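This report refers to the structure that appears directly beneath it.
Computed from a predicted model, the values in this text were never measured in an experiment.
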Amino acid sequence: MYQFLNVKHEDRFKELCKRDKTHKHDLERRALFFVISGNESLYKKVDYIYDFKENLIKLEVYEEGFLTGGTRNLVNLCFSMYGYGTCDVRNLFNSIDYENSVLAIEAMKYRFQILHYPNYYNGGL
């Protein structure tokens with residue numbers, strides 16, 4: 001099961017989904033908002049990343065100067081889970097701190113609905 005980083009992360013996530021009117025089964029878009037709402041820098045720049053009027057990601061965000069190595073790689077992850085581009089996992093985790101690593105893992109669990117881990121020691125896989 002995925003987890004939010006904290007209450008603030010969860011509140012921001014709900015706010016972005018409400019603002020977008022995101023359907024509860026739209027996992028691609030919700031995973032995007034999961035990452036954005038969990039990173040302070042991305043949350044502050046959400047309107048450079050996502051167009052709430054057209055309900056689309058903004059690929060031109062890569063031309064914006066505010067993206068650093070870490071936030072750029074988080075955006076790559078978001079867009080990859082959304083269906084655009086690719087995310088190099090090695091570069092992603094080499095460029096982000098512990099909290100953002102947890103955020104990335106939880107976002108992937110959310111997007112791909114990884115709800116639990118099999119019990120390998122008691123007859124699992």
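- For the atom pair Arg19 CZ and Phe33 CZ, the distance stands at 8.5 Å (nearest 0.5 Å).
- You'll find the side chain of Glu99 reaches within 4.5 Å of the side chain of Leu5, heavy atoms only.
- Contact of the Arg111 side chain with the Glu106 side chain is not registered, since no non-hydrogen atoms from C-beta on lie closer than 4.5 Å.
- Expressed to the nearest 0.5 Å, how far CZ of Phe52 lies from NZ of Lys21 amounts to 10.5 Å.
- Tyr62 is connected to Tyr82 through a chain of hydrophobic side-chain contacts under 4.5 Å among Ile, Leu, Val, Met, Phe, Trp and Tyr, so both are in one cluster.
- At least one side-chain heavy atom of Met108 sits less than 4.5 Å from a side-chain heavy atom of Met81.
- With a 4.5 Å cut-off on side-chain heavy atoms, Lys58 and Tyr50 do not count as touching.
- His9 places a side-chain N or O within donor-acceptor distance of the main-chain N or O of Phe34, the cut-off being under 3.5 Å.
- Side-chain contact between Leu115 and Lys109 is absent, with no heavy-atom pair separated by less than 4.5 Å.
- Using a 4.5 Å cut-off between side-chain heavy atoms of Ile, Leu, Val, Met, Phe, Trp and Tyr, with links allowed through other members, Leu56 and Leu16 fall into different hydrophobic clusters.
- Minimum interatomic distance between Ile57 and Leu32 (heavy atoms only, all atoms of both residues): CG2-CD2, 3.8 Å.
- Ser95 pairs with exactly one of Asn76, Asn100, Asn73 by the side chain to side chain donor-acceptor pair (under 3.5 Å) rule, that one being Asn73.
- With hydrogens and angles left out, the side-chain atoms of Asp20 and Asn55 include a donor and acceptor closer than 3.5 Å.
- The CD atom of Glu28 lies 11.0 Å from the OG1 atom of Thr22; values are rounded to the nearest 0.5 Å.
- There is no path of hydrophobic side-chain contacts, each under 4.5 Å, that joins Val102 to Val7.
- Between Glu40 atom CD and Ile36 atom CD1 the span is 13.0 Å, to the nearest 0.5 Å.
- Residues Asp11 and Phe4 form no side-chain contact, since every pair of their non-hydrogen atoms from C-beta on lies 4.5 Å or further apart.
- Not less than 6.0 angstrom separates the ring centroid of Phe112 from the ring centroid of Tyr2.
- To the nearest 0.5 Å, the span separating CG on Leu92 from CZ on Arg90 amounts to 12.0 Å.
- Closest of all the heavy-atom pairs between Leu42 and Val35 is CD1-CG1, 4.3 Å.
- Side-chain contact between Lys14 and Lys18 is absent, with no heavy atoms from C-beta onward closer than 4.5 Å.
- Taking the six-membered ring for Trp, Tyr84 and Phe79 have ring centres at least 6.0 Å apart.
- Heavy-atom minimum distance, Arg30 versus His23: CD-O, 3.4 Å.
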Would you sort out whether Arg72 and Glu64 count as a salt bridge (Lys or Arg N to Asp or Glu O under 4.0 Å), showing the intermediate values? CA-CA 10 Å; Arg72 177 177 299 277; Glu64 298 294 336; over 6 Å; no

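- Phe93 is listed as a side-chain neighbour of Ile105, based on a closest heavy-atom distance under 4.5 Å.
- Atoms CD and CD1, from Glu60 and Ile49 in turn, are 11.5 Å apart once rounded to the nearest 0.5 Å.
- Taking a 6.0 Å sphere around OH of Tyr48, one finds it holds 12 or fewer heavy atoms contributed by other residues, nucleotides or ligands.
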